[in-house]
2 protein chains.
Amino acid sequence: MASIKDVAAEAGVSVATVSRVLNDHPSVSADARARVLAAVEALGYRPNAVARSLRTDQTRTLGLVISDVLNPYFTTLARSVEEEARALGYSVIIGNADEQPDLQDHHVRSLLDRRIDGLLVSPTDGGSPLMLDTARGGTPMVFVDRWIPGVDVPVVRADGRAAVRDLVAHLYGLGHRRLAIVAGPAATTTGSERVEAFREALAEYGLPLPDAYIGQGDFQAESGRRVTDTFLDLAEPPEVVFAADNLMALGALDAVRARGMRVPGDIALAAFDDIPWFVHTDPPVTAIAQPTGELGRAAVRALVDMIEGRPPQSVTLAARLVVRRSCGEPAAPTATSAQPPVTNRSTS
Amino acid sequence: MASIKDVAAEAGVSVATVSRVLNDHPSVSADARARVLAAVEALGYRPNAVARSLRTDQTRTLGLVISDVLNPYFTTLARSVEEEARALGYSVIIGNADEQPDLQDHHVRSLLDRRIDGLLVSPTDGGSPLMLDTARGGTPMVFVDRWIPGVDVPVVRADGRAAVRDLVAHLYGLGHRRLAIVAGPAATTTGSERVEAFREALAEYGLPLPDAYIGQGDFQAESGRRVTDTFLDLAEPPEVVFAADNLMALGALDAVRARGMRVPGDIALAAFDDIPWFVHTDPPVTAIAQPTGELGRAAVRALVDMIEGRPPQSVTLAARLVVRRSCGEPAAPTATSAQPPVTNRSTS
DNA sequence: CGCAGGGATGTAATCGATTCCATGAACGAA
DNA sequence: TTCGTTCATGGAATCGATTACATCCCTGCG
C-alpha cells in the first residue's frame, strides 16, 4: 500500500508538502498542490489512519458500549449514534456487553487501548473499578440510557416517570388492581428506577406492590419467561405484568402462551421500550416509548462537545405511553375513570 | 497515559526489555521480568494499540459491513461474528450500510484506512469499483450471506433452495395456487436467488409466477408495505405473499392490517429469515430459518484463515422451513397432499 | 540598493511501540 | 588460560504520518 513517501516521490516534492496539501494548509503553491493531487490519484493513495493517530493523538473514533445488541432498543440507539457521529466526522466502534459486566470491561479496555477519543456507555452494572477509573481518568465519557450514580459524567437519558404514571392510570382505569413488575437488575439505574416509578404510581392509586409481585429479571428474554412463570404459579396471580424492557416482555408473552393462556383475557401485559414489532404481536403490546433517536444524537453531541473542549450537557427527555391492546380494550376517550381516588392523591 | 518509556524508567531497564516481557520473549531474566511487571502494575500501563499496529502492520481487528443493523437477522449475525472473533483474539468494527451502496463504500474505505486485518461483507449491491479493487487488492475478505458473482472471494452463506421448495409444497398442500413474492434488490444475490428458487419450485407444481406477482422491494419494511399494497390492488390479488426477508414481511403485515384484512384468512404470508418475534406476531409467521450463528462463526474462521495464511474455505449451509400459522392451518401429518402432480414432477 | 517580511518548501524530530544488531558477562570445553 | 557459545540487555532504526524550524526566494518600501 502506497505511503506518503511514495506520493512525495511521484510528485517530486517532500513529504511535508504532501502532508500540507492533504490537510489543506494554506501555504502550498497551486502547482505543487496539483502535482500532489495527481500523484495521490495515480497511486490510489489513502493516508494511514494508524500512523496519523499516533502522531496527532486522536483517532476521530468514538466507542459505544451497549448492553445487548439483540435488543432492538439498543440497536436503534446504535444506529442514531453512528449517524450523528458520522455527521460530525467521527466513526464509532460498538462493543456488545451482553449484560455481562466482564464483557463490558473487556470492551472498555479494548476501546481504551485503541485510544478512542471518547466513550459512550450504557452500563450493565453499578460500575466496575475500571469504569470508575476511566471516568475519573479524564477520558471523555458520556452515559446514555443507564448511568452510574455518584460519577461525574454527563448523562443522556429518558425519564419514564410520567409515562409509568400514565400507564398505571390506564391500567387502573381498565379495572386492574393486582399489578406485577418484571424488574431489571437492581444494579442498573433503569432497573431500579422503573420499579420505583411503578411503586410510586401504584401508591397514588392506593395500590400495594407486594414483594411477590416484583420479579427479578436481567433484561433478557429468558428471565421474563421465568419470572412470569413464578407469577402465574402464585395462589393469587397478578392481573397485569409490566416488563421493564421489551425482551423480558417477549419472554413473558412466551410464558403466558406456553400455558395456553391469552393476553389480555387471562392476563394483561405492558412493556417499557417500544419497538416496531409490538404493533404486530398478538395482541399488539402497550408500551412506553423512548425518544431513542434523539437520545443517541444528544449523547453524541455531548460527547463530542467534551472531546473538543466545550462544556457537555446532560439531557433528560420524556418517554411516553403508547396504548395498544395488551391490557384490555382501550379506555373510553373520557379519562375520568382513570383518576386516582382523591384521598390517596393528596398524600402523594 | 503512561508509555513504554515510563515503564522502562520505573523498572530501571530499557524499552526493549519492557517490550520483551510484554510479548513474552524467552530471553529475559526472571529478575527483570518481575521488575517490569511491577512497574506495569504500578503505573497502570496499557500498551498503545495504535503504536503497536503501526510497527507490526497488523491491528488484530476485523471489519464487518452489514446491510442493515435494524434487521434482526444481521444483528444476530453480527453477534456471532463478534463472539467467534473474540475467541480467536480479534476485535470487530461494524459498519452499517443501511442498504445504501454509498454508505457501504464509505464504511469499506474507513475500515481500510484503519488498516483492519480483514473484511467481512454482505454486499448491498453488485459491487462498486472500490469493492472490486479491494477484493483484487489482496485485502483478506470474505462474503457472508450475500456475495458478488465473478469475484474471487470465499463465500459463507445459506442455501435456501430446498427450504423454498418445502415452503411451496406446504402452500400448495394448503390449497394456495396464486403465490406472489416481494423480492429483494436484483443486484443482491439473495435478492435474485430467492426469486429464482421460488419460481423453480412453483414450476414443479405447474404454477406460474406472473410478473404482476413479483414485487420489487429493497429488504426494508416500507417496501414490503408498498409492494403488498399493489398486490392487493390487483384485479386478482394473490392468495399468498412470500417476503424475501423479515423486514418486508413486517411491512406486508402492516399493509394487510391497514386494510382491515386478516392473515391468513384473507391472505397468507411467509417470510425468508426467521426471527424470535415471528413466534409472537398475530398470527405467528411461517418462515425459512437460516443457521445464522453458524454462518457468522464460519465466516470469521474463513477470514482468519486467510489472514493467517491458511487456505480459506467457502461454506454453504442449509436453511430450513419453520411452519407456523400465517399460511393457514398446518398441513395434516401425512404429507401426501403436498406432493407435486406427477407430470410436472418428472419434468423438473 | 539594501533589507525586512512573508510565502513556499525541505529537513528532521516526534508519537509509542517492535526488533535487528552489538555488547558484555558467564560458562564450558579444549 | 583462552576461545567459542549462549543468554540478557541496551542502542538505535523503523513504521507513516504531522509539524517546528530553517532556508531560500521574491516583493515592496525606505
Side-chain angles (χ1 to χ4, degrees), chain A residues 1-40 43-61 89 109-117 139, chain B residues 1-40 43-61 89 91 109-117:
Chain A
M1 191 147 275
S3 85
I4 197 172
K5 271 190 204 144
D6 303 317
V7 175
E10 173 83 12
V13 297
S14 73
V15 294
T17 300
V18 175
S19 178
R20 288 195 189 94
V21 350
L22 260 26
N23 296 282
D24 39 38
H25 182 102
S27 74
V28 179
S29 67
D31 174 61
R33 160 166 285 113
R35 293 216 312 283
V36 168
L37 258 19
V40 164
L43 298 174
Y45 168 76
R46 298 241 81 210
N48 182 328
V50 173
R52 186 197 296 250
S53 293
L54 177 60
R55 185 57 235 252
T56 61
D57 200 33
Q58 50 160 328
T59 50
R60 293 205 73 84
T61 300
R109 214 184 315 267
S110 147
L111 258 7
L112 256 20
D113 286 353
R114 290 194 147 60
R115 300 302 192 262
I116 44 126
D117 293 341
T139 305
Chain B
M1 191 149 275
S3 84
I4 196 172
K5 272 188 204 145
D6 303 316
V7 176
E10 173 84 12
V13 297
S14 72
V15 295
T17 299
V18 175
S19 178
R20 287 194 191 96
V21 349
L22 260 25
N23 296 283
D24 40 37
H25 182 101
S27 77
V28 179
S29 67
D31 173 59
R33 160 166 285 115
R35 293 216 313 282
V36 168
L37 259 17
V40 164
L43 298 174
Y45 169 76
R46 299 241 79 210
N48 183 328
V50 173
R52 183 197 300 246
S53 293
L54 177 61
R55 184 59 234 255
T56 61
D57 201 33
Q58 51 159 328
T59 51
R60 293 204 74 84
T61 300
S91 301
R109 214 184 314 267
S110 147
L111 258 8
L112 256 20
D113 286 354
R114 289 197 150 57
R115 299 302 192 265
I116 43 126
D117 294 341

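As a basis for the values below, the full set of heavy atoms in this structure was taken, side chains included, without hydrogen atoms, waters or symmetry mates. Note on naming: letters A, B, ... go to the chains in the order of the sequence lines (proteins, then strands), and numbering restarts at 1 for each one.
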Is any side-chain N or O of Ser29(B) closer than 4.0 Å to OP1 or OP2 of dC7(D)?
->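 For dC7(D), neither OP1 nor OP2 has a side-chain N or O of Ser29(B) closer than 4.0 Å.
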Do the side-chain N or O atoms of Asn23(B) get closer than 4.0 angstrom to the phosphate oxygens (OP1, OP2) of dT18(C)?
->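 Yes, Asn23(B) has a side-chain N/O under 4.0 Å of OP1/OP2 on dT18(C).
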So which nucleotide from dT19(C), dC7(D), dA17(D) ends up closest to the side chain of Ile4(A)?
->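 Looking only at heavy atoms from C-beta outward on Ile4(A), the closest nucleotide is dA17(D).
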State which of dG16(C), dG16(D), dT19(D) makes the closest approach to the side chain of Ser3(B).
->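 The answer is dG16(C), which lies nearest to the side chain.
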Rounded off to whole Å, could you give me the [atom1]-to-[atom2] distance for the [X] and [N] pair?
{"X": "Asn48(B)", "N": "dA17(C)", "atom1": "CG", "atom2": "P", "result": "5 Å"}
{"X": "Tyr45(A)", "N": "dG16(D)", "atom1": "OH", "atom2": "P", "result": "10 Å"}
{"X": "His25(A)", "N": "dA8(C)", "atom1": "NE2", "atom2": "P", "result": "9 Å"}
{"X": "Gln58(A)", "N": "dG16(D)", "atom1": "CD", "atom2": "P", "result": "21 Å"}
{"X": "Leu54(A)", "N": "dT14(D)", "atom1": "CG", "atom2": "P", "result": "17 Å"}
{"X": "Arg114(B)", "N": "dG16(D)", "atom1": "CZ", "atom2": "P", "result": "18 Å"}
{"X": "Arg20(A)", "N": "dA20(D)", "atom1": "CZ", "atom2": "P", "result": "10 Å"}
{"X": "Met1(B)", "N": "dA17(C)", "atom1": "CE", "atom2": "C1'", "result": "15 Å"}

Contact nearer the 5' end of DNA chain D, comparing Lys5(A) with Val28(B) =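 On the 5' side of the pair lies Val28(B).
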Interatomic distance, Asp117(B) atom CG to Thr59(B) atom OG1 [nearest 0.5 angstrom] =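 Asp117(B) atom CG to Thr59(B) atom OG1 measures 3.5 Å (nearest 0.5 Å).
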Calculate, to the nearest 0.5 Å, the distance between atoms OH and CG belonging to Tyr45(A) and Leu37(A) respectively.
->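 Here the interatomic distance stands at 12.5 Å.
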Would you indicate what [X] reaches in the nucleic acid, counting non-hydrogen atoms under 4.0 angstrom: base, sugar-phosphate, or nothing?
{"X": "Thr56(A)", "result": "sugar-phosphate"}
{"X": "Ala32(B)", "result": "sugar-phosphate"}
{"X": "Asp57(A)", "result": "nothing"}

What closest approach, in Å, do Arg35(A) and Val13(A) show between heavy atoms, and which atom pair accounts for it?
->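 Nearest heavy atoms, Arg35(A) then Val13(A): NH2-CG1, 3.5 Å.
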Minimum heavy-atom distance Val15(A)-Ile4(A), with the two atoms named =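 So the minimum-distance heavy-atom pair works out to O-CD1, 3.7 Å.
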Under the side-chain contact (heavy atoms from CB on, under 4.5 Å) rule, what do Arg114(B) and Val50(A) come out as? Steps first, then yes or no, please.
-> CA-CA 6 Å; Arg114(B) 289 197 150 57; Val50(A) 173; 5.7 Å; no
Which parts of residues 6-18 of chain B get close to DNA chain C, meaning a heavy atom less than 4.0 angstrom away?
->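 Going residue by residue through residues 6-18 of chain B, the ones with a heavy atom under 4.0 Å of DNA chain C turn out to be Ala16(B).
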Pair Asp57(B)-Arg115(B), side-chain contact (heavy atoms from CB on, under 4.5 Å): steps then yes or no | CA-CA 8 Å; Asp57(B) 201 33; Arg115(B) 299 302 192 265; 5.6 Å; no
Between the base of dT18(D) and the side chain of Arg52(A), is there any donor-acceptor pair under 3.5 Å?
->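 By the distance-only test, no, there is no pair.
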Could you tell me whether Arg109(A) and Asp113(A) make a salt bridge, using a distance below 4.0 angstrom between a side-chain N and a carboxylate O?
->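 No salt bridge links Arg109(A) with Asp113(A).
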